[in-house]
There are 2 protein chains.
Amino acid sequence: MAVTIQDVAKAAGVSVSTVSRALSSPEMVREETRARVRAVAERLGYRPNLAARGLITGRTANLGVIVPDLTNPFFPSMLKGVQARAREAAHAVFLADSQEDGAQEAGLVAAMAKQVDGVILCASRMTEPQLEEVLGLVPIVFINRAVPARPSVIMDNAGGTRQAVDHLAALGHRHAAYLNGPRSSWTNRERRKGLRRAERHGMKVTHLGPFAPRFEAGQQAADLVLAAGATAVIAYNDVMALGVLARLAERGVPVPARMSVVGCDDISFAAMATPALTTVDLRGEQAGRAAVDTLLNVLAERDGTRRPALESALIVRASTGPAPT
Amino acid sequence: MAVTIQDVAKAAGVSVSTVSRALSSPEMVREETRARVRAVAERLGYRPNLAARGLITGRTANLGVIVPDLTNPFFPSMLKGVQARAREAAHAVFLADSQEDGAQEAGLVAAMAKQVDGVILCASRMTEPQLEEVLGLVPIVFINRAVPARPSVIMDNAGGTRQAVDHLAALGHRHAAYLNGPRSSWTNRERRKGLRRAERHGMKVTHLGPFAPRFEAGQQAADLVLAAGATAVIAYNDVMALGVLARLAERGVPVPARMSVVGCDDISFAAMATPALTTVDLRGEQAGRAAVDTLLNVLAERDGTRRPALESALIVRASTGPAPT
DNA sequence: CGGAGTTGTGAAAAGGATTCCATCATGTGC
DNA sequence: GCACATGATGGAATCCTTTTCACAACTCCG
């Protein structure tokens, strides 16, 4: 049915070895033969069977990506980066959504292991023992989770919240609330580190939560923030921040006149909210690209498997303003 | 390095054929042998090499999905459905983002062809000739594009806009604007069909566009809608509708008091907007699941490859209200 | 008790590509 | 003109699994 290397060999009047070489190591075969073989291959529409190639080379030219939740736009944007970079490197992408479940993540890594050269594991919810289990199966690059002695791409989460704190302090805020994300989240712990900066400004920080990283949690939190008497709020992520914004609008609290709101991730909808949301841009798409590069470096046993955290940047929009007097 | 079927056979003191049977056709091997083999396989952590299996069975247990743009939340939600259903059926998912480019789509199908049993092609931008090119390569199920005599999962786009028109008419609107999506879009043509319903209500419909299906286009369109004197607007999709909402807020036009806004897709952010967006729910996730079912039916040469359009439903929220008097 | 039918297992082929090794023809240097 | 290096090509082994075919042992029946 499908055209194989044998068909091409027969049609071109050469051996299969020559066809293989003509296509993948052109310098080993005479100019004229190469041209003939390639022409025949083209005419027949020959495409090498990657599974067969993978069997012998041990390389599949596939890469796996596991994300916790496709519904949060941060991950699709990261995925887009992975996708684009993978294609440039002639690799295909396997995708799995772990539904924020560490056990599933582990299972997915195992399931992918044989079909991919490596896996990009995003914001892993895995526990240490689960992690141990999969580490030997296949090369893994972590995104947004630092695992000792393992390649990873991390964003400067702490730096991001630090910038947010500086920004709010400069606007005169003396009391901010932080809406914690899930307790198991590595990024949440990192983001909290950045909040220590508040001491330097003599700013009070009230911790609320932990919350699920969802819109509804943001709505719920908004009332708590008001009750706490804070004039600004930093949310674990943009989706929650949008929930805060929505609830404040519902209660008639003007933003930013009475309350400033900061999110995290810079998902596209942050810019589309009314008022547009001030947020920390973690460079998700860039992180996706970097993860692919790192993985390819790991596979080629090149250097470049440990790189500094990606810089994050505060994007100031309309949802933050001077503290109310 | 990795443990193969040979290792298991040796360790269990049987032939490789027996191991293969013990694992995949258990009824063919004696109870006792089966148990021993399985125990050994388990102990050694044996996992069959899917590439090798695929080589001989011709089945890879992989499925490809091609979406036009991961940045639009409609597609991730569909993808999530595909993902979930595929996992239930023990299939893995290859993903590619075509960046709304027909030529890329065709290339991606070809690239995937050998590694997957079938491809789910979403809202294809391919031209007819491009389509011809890939149709023979691999079984394809289309989502949201009807191709004659080809399996597809389609949503009732026309029915959705029809419901939107009925809804607006019931609210007393006499003049609505429709914001067209890309000219090449099959779904845009379908959605327009639903607008004919307006005649029955004696409602005037002003066509604007075509626009790119983006937030910015919605902002741009909002001013045109106001200038046209319409009291309601139906946008090609939610992302555009959110743009309209944002621009109207900016210009101080109250929604829905002076203008009603309807979107399409029911992306999660539609519910999170202020005011919450009335929109047509196309059941993206369900469509994703249905596409997997259809594809599996095609592969098994079962029936069920042609199914009626998924019902769409208008979700009424706060962005639509009685026409201004 | 012998032949037919079952049942459980092993040997070997097949699937499509890569790559090592061998072969052959040519070209170079002495 | 011969030995040897070089370059182009073919043959065969290999990757790992499934599956066909063959075989042996056993049961059952006439």
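The shown structure was predicted, so the numbers you read here are calculated from the model rather than taken from an experiment. Letters A, B, ... mirror the listed sequences (proteins, then strands); counts begin at 1.
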Quick one: A:M28 CE to C:dC21 C1', roughly how many Å, whole number?
12 Å
The side-chain contact (heavy atoms from CB on, under 4.5 Å) partner of A:P68 among A:P213, A:S98, A:S185, A:P182 is A:S98
A:N188 and A:N157: CA distance, side-chain angles, deciding distance, side-chain hydrogen bond (donor to acceptor under 3.5 Å, both in side chains) verdict
CA-CA 8 Å; A:N188 188 56; A:N157 286 280; over 6 Å; no
OP1 or OP2 of C:dG10 sitting under 4.0 Å from any side-chain N/O of B:T18?
yes
Taking salt bridge (charged side-chain N to carboxylate O under 4.0 Å, His left out) as the definition, give me every residue that meets it alongside A:E27, ordered by chain and number, with sequence neighbours left out.
none
Nucleotide N/O of nucleotides 14-18 of chain C paired with protein N/O under 3.5 Å:
{"unit_1": "C:dG15", "atom_1": "N2", "unit_2": "B:A52", "atom_2": "O", "d": "3.4"}
{"unit_1": "C:dG16", "atom_1": "N2", "unit_2": "A:A52", "atom_2": "O", "d": "3.3"}
{"unit_1": "C:dA17", "atom_1": "OP1", "unit_2": "A:Y46", "atom_2": "OH", "d": "2.9"}
{"unit_1": "C:dA17", "atom_1": "OP1", "unit_2": "A:N49", "atom_2": "N", "d": "3.1"}
{"unit_1": "C:dA17", "atom_1": "OP2", "unit_2": "A:I5", "atom_2": "N", "d": "2.3"}
{"unit_1": "C:dA17", "atom_1": "O5'", "unit_2": "A:Y46", "atom_2": "OH", "d": "3.3"}
{"unit_1": "C:dT18", "atom_1": "OP1", "unit_2": "A:R53", "atom_2": "NE", "d": "2.9"}
{"unit_1": "C:dT18", "atom_1": "OP1", "unit_2": "A:R53", "atom_2": "NH2", "d": "3.0"}
{"unit_1": "C:dT18", "atom_1": "OP2", "unit_2": "A:S20", "atom_2": "OG", "d": "2.8"}

I'd like to know whether CD of A:E88 has more than 12 heavy-atom contacts from other residues, nucleotides or ligands below 6.0 angstrom.
yes
Would you check if the side chain of A:T60 reaches a backbone N or O of A:N62 as a donor-acceptor pair within less than 3.5 Å?
yes
Based on the rotation axes of five pairs at each end, what angle does the helix from C:dC1-D:dG30 to C:dC30-D:dG1 bend through, to 10°?
50°
Hey, could you give me each pair passing side-chain hydrogen bond (donor to acceptor under 3.5 Å, both in side chains) that has a residue in residues 8-19 of chain A? Not counting sequence neighbours.
A:S15-A:S17, A:S15-A:T18
Residues B:Q130, B:T127; criterion side-chain hydrogen bond (donor to acceptor under 3.5 Å, both in side chains); working and verdict
CA-CA 5 Å; B:Q130 288 173 331; B:T127 60; 3.3 Å; yes
Applying side-chain contact (heavy atoms from CB on, under 4.5 Å) between A:L63 and each of A:D117, A:V119, A:V141, A:L295, report the one that passes.
A:L295
Tell me if a side-chain donor or acceptor on A:S24 pairs with a main-chain N or O of A:R21 at a distance below 3.5 Å.
no
How would you list, by chain and number, every residue that makes a ring-ring contact (aromatic ring centres under 6.0 Å, His included) with A:F94, sequence neighbours excluded?
B:F94
Could you list where the contact with chain A starts and ends along DNA chain D, reading 5' to 3', using a 4.0 Å heavy-atom cut-off?
D:dA8 to D:dC16
